[in-house]
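What follows is a set of notes on a single structure, which appears directly below.
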Amino acid sequence: YGQRNIFHDVSFLVRKRDRIVIIGPNGCGKSTLIKILGGKLDPDGGACIDGYNIHAGYYDQEQHTLDENNTVLGEMCEAHDKLTFTQIRSALAAFLFYADDMEKKISVLSGGEKARLMLCKMILSQVNLLLLDEPTNHLDIGSREALEEALLNFGGTVIAVSHDRYFIKKLSTRIFDMSDGFRDYR
């Protein structure tokens, strides 16, 4: 990263329905790795090869993919114009957005509410790979539980960066530990 070599000689295969959580101390390259996997950064060397028919959704901590001028319902309707209002409203309710919440402008939402909206938006899209950078940051307990339930019911593959021990234990089928090099635990 810049002049600093964050990681090297990393090789792994991700299989369908893996639920991988990347752990390690701050600055070890977790977010950099997930950005490379999501095509947000190019690797300095080597290759990141997608499998056949991969459609990835990338969740960033900065929440850049929301239109602050939209309402919650408007954002979802624009993103998923093939779904009915009932389908969209049901999905939003699963992420703890109820009647009045759906009419709120995104600009007035808390960080946790924006996170829930982004995750709901991604899960409703046709992605089969979720790349999540610190998805439980800014979430209260109810929101974390809704996220965990949605991810456990998601039929695709999940790769997440997290420091949240409960989330890691509940979700992961594999752990990539970047504390001292790179280790893959199953």
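One-based numbering along the sequence shown. Values reported hereafter were calculated over all heavy atoms of this structure, with side chains retained and with hydrogens, waters and symmetry mates removed.
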Q) For the residue pair V161 and S31, what are the closest heavy atoms and their distance? A) CG2-N, 4.4 Å
Q) Of the non-hydrogen atoms in I168 and S162, which two are nearest, and what is the gap between them? A) CD1-O, 3.7 Å
Q) Side-chain heavy atoms under 4.5 angstrom apart, residues restricted to Ile, Leu, Val, Met, Phe, Trp, Tyr: same cluster for F85 and L92? A) yes
Q: Heavy atoms only: give me the nearest L139-A115 pair and the separation to one decimal.
A: CD2-CB, 3.7 Å
**Q.** I159 reachable from I49 in the ILVMFWY side-chain graph, under 4.5 Å edges
**A.** no
Q: Hey, could you give me the CG/CD1 distance between L37 and I22, rounded to the nearest 0.5 Å?
A: 6.0 Å
Q) Linking I/L/V/M/F/W/Y whenever any side-chain heavy atoms sit under 4.5 Å apart, do L41 and F12 land together? A) yes
Q) More than 12 foreign heavy atoms under 6.0 Å from CG of D100: is that the case here? A) no
**Q.** Pairwise distance SG(C28) to CG(L33) - rounded to 0.5 angstrom
**A.** 9.5 Å
Q. Between R144 and F167, does a side chain to side chain contact (heavy atoms under 4.5 Å, CB included) hold up when you go through it step by step?
A. CA-CA 8 Å; R144 285 177 189 221; F167 176 81; over 6 Å; no
Q. Just by distance, with hydrogens left out, do H163 and N137 show a side-chain donor and acceptor under 3.5 Å apart?
A. no
Q: Each residue besides L96 in its hydrophobic cluster should be listed here, by chain and number; the cluster joins Ile, Leu, Val, Met, Phe, Trp and Tyr at side-chain heavy-atom distances under 4.5 Å.
A: Y98
Q: Step by step, work out the ring-ring contact (aromatic ring centres under 6.0 Å, His included) result for F176 and Y185.
A: CA-CA 6 Å; F176 290 174; Y185 297 108; 9.6 Å; no
**Q.** In one Ile/Leu/Val/Met/Phe/Trp/Tyr side-chain cluster, 4.5 Å: V108, L73
**A.** no
Q. How long is the gap from OG1 on T157 to NZ on K16, to the nearest 0.5 Å?
A. 8.0 Å
Q.
Any side-chain to backbone donor/acceptor pair from N128 onto H55? Under 3.5 Å, distance only.
A. yes
Q) Ignoring hydrogens and geometry, is there a side-chain-to-backbone donor-acceptor pair from E78 to E75 under 3.5 Å? A) no
Q) When you look at K121 and L66, which way does the side chain to side chain contact (heavy atoms under 4.5 Å, CB included) test go after all the steps? A) CA-CA 10 Å; K121 204 170 138 179; L66 297 174; 4.2 Å; yes
**Q.** Between OG on residue S110 and CG on residue D140, distance to nearest 0.5 Å
**A.** 7.5 Å
Q) Between OH of Y59 and CG of L131, what distance do you get to the nearest 0.5 Å? A) 13.5 Å
(Q) For the backbone of I20 and the side chain of D18, can you confirm whether one donor and one acceptor N or O come within less than 3.5 Å of each other? (A) no
Q) Which atoms form the tightest heavy-atom contact between T71 and I106, and what is the distance? A) O-CD1, 4.0 Å
Q | Interatomic distance, I54 atom CD1 to Y52 atom OH [nearest 0.5 angstrom] | A | 11.0 Å
Q. Linking I/L/V/M/F/W/Y whenever any side-chain heavy atoms sit under 4.5 Å apart, do L152 and I175 land together?
A. yes
Q: May I have the step-by-step check of side chain to side chain contact (heavy atoms under 4.5 Å, CB included) for M178 and I23, ending in yes or no?
A: CA-CA 6 Å; M178 297 180 68; I23 64 170; over 6 Å; no
Q.
Go through it in stages, so that I can follow the logic: the residues are R19 and T173, the test is side-chain hydrogen bond (donor to acceptor under 3.5 Å, both in side chains), and I'd like the CA-CA distance, side-chain angles, deciding distance and then a yes or no.
A. CA-CA 5 Å; R19 290 185 177 354; T173 59; over 6 Å; no
Q. Counting distance only, does the side-chain N/O of N69 pair as donor-acceptor with the main-chain N or O of S107 below 3.5 Å?
A. no
(Q) Donor-acceptor pair, distance only, cut-off 3.5 Å: does the side chain of S125 make one with the backbone of M122? (A) yes
Q) Do you know the tightest heavy-atom contact between R174 and L13? A) NH1-O, 2.8 Å
**Q.** For the student: nearest non-hydrogen atoms of L109 and K104, plus distance
**A.** CD2-CD, 3.8 Å
Q: Would you indicate whether the side-chain heavy atoms of D81 and L83 approach each other to under 4.5 Å?
A: no
Q) side-chain hydrogen bond (donor to acceptor under 3.5 Å, both in side chains) between D177 and S179: does it pass, once the steps are laid out? A) CA-CA 6 Å; D177 186 352; S179 297; 2.6 Å; yes
Q: Check step by step if side chain to side chain contact (heavy atoms under 4.5 Å, CB included) holds for L132 and L119.
A: CA-CA 9 Å; L132 310 172; L119 292 164; 3.7 Å; yes
Q | Lys/Arg-Asp/Glu bridge criterion (N-O < 4.0 Å) met for K114, E68 | A | yes
(Q) Tell me whether R116 forms a cation-pi arrangement with F97, defined as NZ or CZ under 6.0 Å from the six-membered ring centre and within 45 degrees of its axis. (A) yes
Q) Is a side-chain donor or acceptor of K30 paired with a backbone partner of G24 at a separation under 3.5 angstrom? A) yes
